[in-house]
Asks: 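Right, I'll just put the structure down here and ask away after.
Since we're looking at a predicted model, the values are computed, not measured. First the proteins, then the strands, lettered A, B, ... as listed; each starts at 1.
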Protein chains: 2
Amino acid sequence: MVSSDQGGEHTGGEIPAVVGGLRMTKQRRAVYQILLDDRDHPTATDVFRRVEKTMPSTSLATVYNCLEALVEHGLVNQVNFDREPSRFCSNLKEHVHFHDESTGVIHDISFKKGAKLEDLLSLPKGTTVKDLELTLRGVLPKKK
Amino acid sequence: MVSSDQGGEHTGGEIPAVVGGLRMTKQRRAVYQILLDDRDHPTATDVFRRVEKTMPSTSLATVYNCLEALVEHGLVNQVNFDREPSRFCSNLKEHVHFHDESTGVIHDISFKKGAKLEDLLSLPKGTTVKDLELTLRGVLPKKK
DNA sequence: AGCCCTAATTAGAACTATTCTAAATTGGGA
DNA sequence: TCCCAATTTAGAATAGTTCTAATTAGGGCT
Ligand SMILES: [Mn+2]
Ligand SMILES: [Mn+2]
Ligand SMILES: [Zn+2]
Ligand SMILES: [Zn+2]
């Protein structure tokens, strides 16, 4: 791999000039870096407040624009819980979200290896699933 | 069972004066009846337009109030697809939602008998799941 | 039946997350 | 360096939903 990285997602180190076909402007890089560093599923406003710290001239509209671009290019996932503000997640491994009511933390939950959706659901034969969103709410066992 | 039906959900026939602890006003009954009759997962505005036909004095605020009351009393489920307007569903059997892109229809999909969420997801032992929302988008095989 | 009192309904304003608009800025490439 | 399309920006607009405050409805009492 060379420095340009025109291909798919980005993993580790400095964010190159283009990722997944998306040109990394100063603002997009800042937004993307926050989502790579902070895996707490921040909202657009959360991201805005964090970007502001190092780039005070950034506007909220730009944060929305950047998030939209990152989502459209598949670098980031948009996560919705009921009617709450959207949250953003840079974990590209297929996973679902568990909102722990006792801590407020949103956890990434992965699928068990070999698990198939068709084993769980009565889907008509020949169904194509293009997108899936699964969110859980509850409490995790408290760590000792 | 006698005519009052103070207990759980309502199934078939005329809607009694109280269902699931919720007193059925004229407006609540109209909203509930629509959701029982029309299983197409209408939005609040959809419901409003349908209620209007037989009760033209009904306000949109009342439709929202009624839907909220029905949801709080567990007679109806609120369903969210991404950031679209909420939809409402009177199917109380545990199920998930499949949005067919080719027809626009939202289908109820039930769990396979005996299927367990823990078989699909890597949930820490001792996790309590209080709520689950699973939505799918894709295409169903076209009926001949 | 009439009264009373609380709950429910109503119209409209307010709210909030998000999107749009139009002008200013940026920066990659000729 | 200059140019131009893409991006950023501030602020207005939008849309679904919730709130406010006034009105109405109707169940339970006498
Ligand atoms: Mn939910
Ligand atoms: Mn989705
Ligand atoms: Zn995630
Ligand atoms: Zn349903």
Asks: Think A/Thr25 has a side-chain N or O under 4.0 angstrom from the OP1 or OP2 of D/dT8?
Replies: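 Checking A/Thr25 against D/dT8: at least one side-chain N or O falls below 4.0 Å of OP1 or OP2.
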
Asks: Quick one: which of D/dT17, C/dT10, C/dT18 gets closest to the side chain of B/Ser59?
Replies: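 Side chain of B/Ser59 sits closest to C/dT10.
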
Asks: The side chain of A/Ser86 is closest to which nucleotide in this list: C/dT18, C/dA8, D/dT17?
Replies: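 My answer, after comparing the listed nucleotides, is C/dT18.
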
Asks: How many Å lie between CG on B/Leu60 and P on C/dA13, as a whole number?
Replies: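 Going from CG in B/Leu60 over to P in C/dA13 covers 15 Å.
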
Asks: On the nucleotide D/dT17, are OP1 or OP2 found under 4.0 Å from the side-chain N or O atoms that B/Tyr64 carries?
Replies: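 Yes, such a contact exists.
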
Asks: Just checking B/Thr58: base, sugar-phosphate only, or nothing, at a heavy-atom cut-off of under 4.0 Å?
Replies: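 Here B/Thr58 touches the backbone only, sparing every base.
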
Asks: Identify whether any heavy atom of B/Thr45 sits under 4.0 Å from a base atom; if not, whether one sits that close to sugar-phosphate; answer base, sugar-phosphate or nothing.
Replies: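 If one applies the 4.0 Å heavy-atom cut-off, B/Thr45 turns out to touch nothing in the nucleic acid.
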
Asks: Counting heavy atoms from C-beta on, name the nucleotide in D/dT9, C/dG12, C/dT18 closest to the side chain of A/Ala61.
Replies: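 Between D/dT9, C/dG12, C/dT18, the one nearest the side chain of A/Ala61 would be D/dT9.
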
Asks: Can you check the A/Lys26 NZ to D/dT9 C1' distance for me, whole Å?
Replies: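 Nearest whole value for this atom pair: 12 Å.
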
Asks: So what does B/Thr62 touch, heavy atoms closer than 4.0 Å: a base, only the sugar-phosphate, or nothing?
Replies: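 Base contact - B/Thr62 has a heavy atom under 4.0 Å of at least one base atom.
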
Asks: One thing to verify: whether B/Lys116 and B/Asp119 come together as a salt bridge, which I'm taking to mean a side-chain N less than 4.0 angstrom from a carboxylate O.
Replies: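 No, B/Asp119 and B/Lys116 are not salt-bridged.
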
Asks: Please tell me whether A/His97 and A/His99 form a close aromatic pair, meaning their ring centres lie under 6.0 Å apart.
Replies: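 Here the rings of A/His99 and A/His97 have centres that are no less than 6.0 Å from each other.
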
Asks: B/Glu84 has an atom CD; how far is it from atom P of C/dT19, in whole Å?
Replies: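 Taking CD of B/Glu84 and P of C/dT19, I get 12 Å after rounding.
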
Asks: Contact class for B/Thr43 vs. all strands (heavy atom < 4.0 Å): base, sugar-phosphate, or nothing?
Replies: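 Touches nothing.
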
Asks: Please report the distance, rounded to the nearest Å, between CE in A/Met24 and C1' in C/dG27.
Replies: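 Rounding to the nearest Å, CE of A/Met24 and C1' of C/dG27 are 16 Å apart.
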
Asks: Rounded to the nearest 0.5 Å, how far apart are CG of A/Leu75 and CZ of A/Arg28?
Replies: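 Nearest 0.5 Å value for the CG-CZ distance: 10.5 Å.
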
Asks: Rounded to whole Å, how long is the line connecting atom CE of A/Met55 with atom P of C/dT25?
Replies: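 Checked: the CE to P distance equals 16 Å.
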
Asks: Tell me yes or no: between the side chains of B/Ser86 and B/Gln78, is some donor less than 3.5 Å from an acceptor?
Replies: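 Yes, a side-chain donor-acceptor pair sits under 3.5 Å.
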
Asks: Would you mind reading off the distance between B/Asn65 atom CG and D/dT20 atom C1', rounded to a whole angstrom?
Replies: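 Those two atoms, CG and C1', are 12 Å apart.
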
Asks: Tell me the interatomic distance from B/Arg29, atom CZ, to C/dT9, atom C1', rounded to whole angstroms.
Replies: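 After rounding, the reported distance stands at 16 Å.
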
Asks: Between B/Arg83 and B/Gln27, which has a closest nucleotide on DNA chain C that is more 5'?
Replies: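 Nearest-nucleotide comparison on DNA chain C picks B/Gln27.
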
Asks: Output yes when A/Arg50 and A/Asp37 qualify as a salt bridge under the 4.0 Å nitrogen-oxygen rule, no when they do not.
Replies: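 Salt bridge: no.
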
Asks: Would you mind reading off the distance between B/Phe48 atom CZ and C/dG12 atom P, rounded to a whole angstrom?
Replies: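 Atom CZ in B/Phe48 sits about 12 Å away from atom P in C/dG12.
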
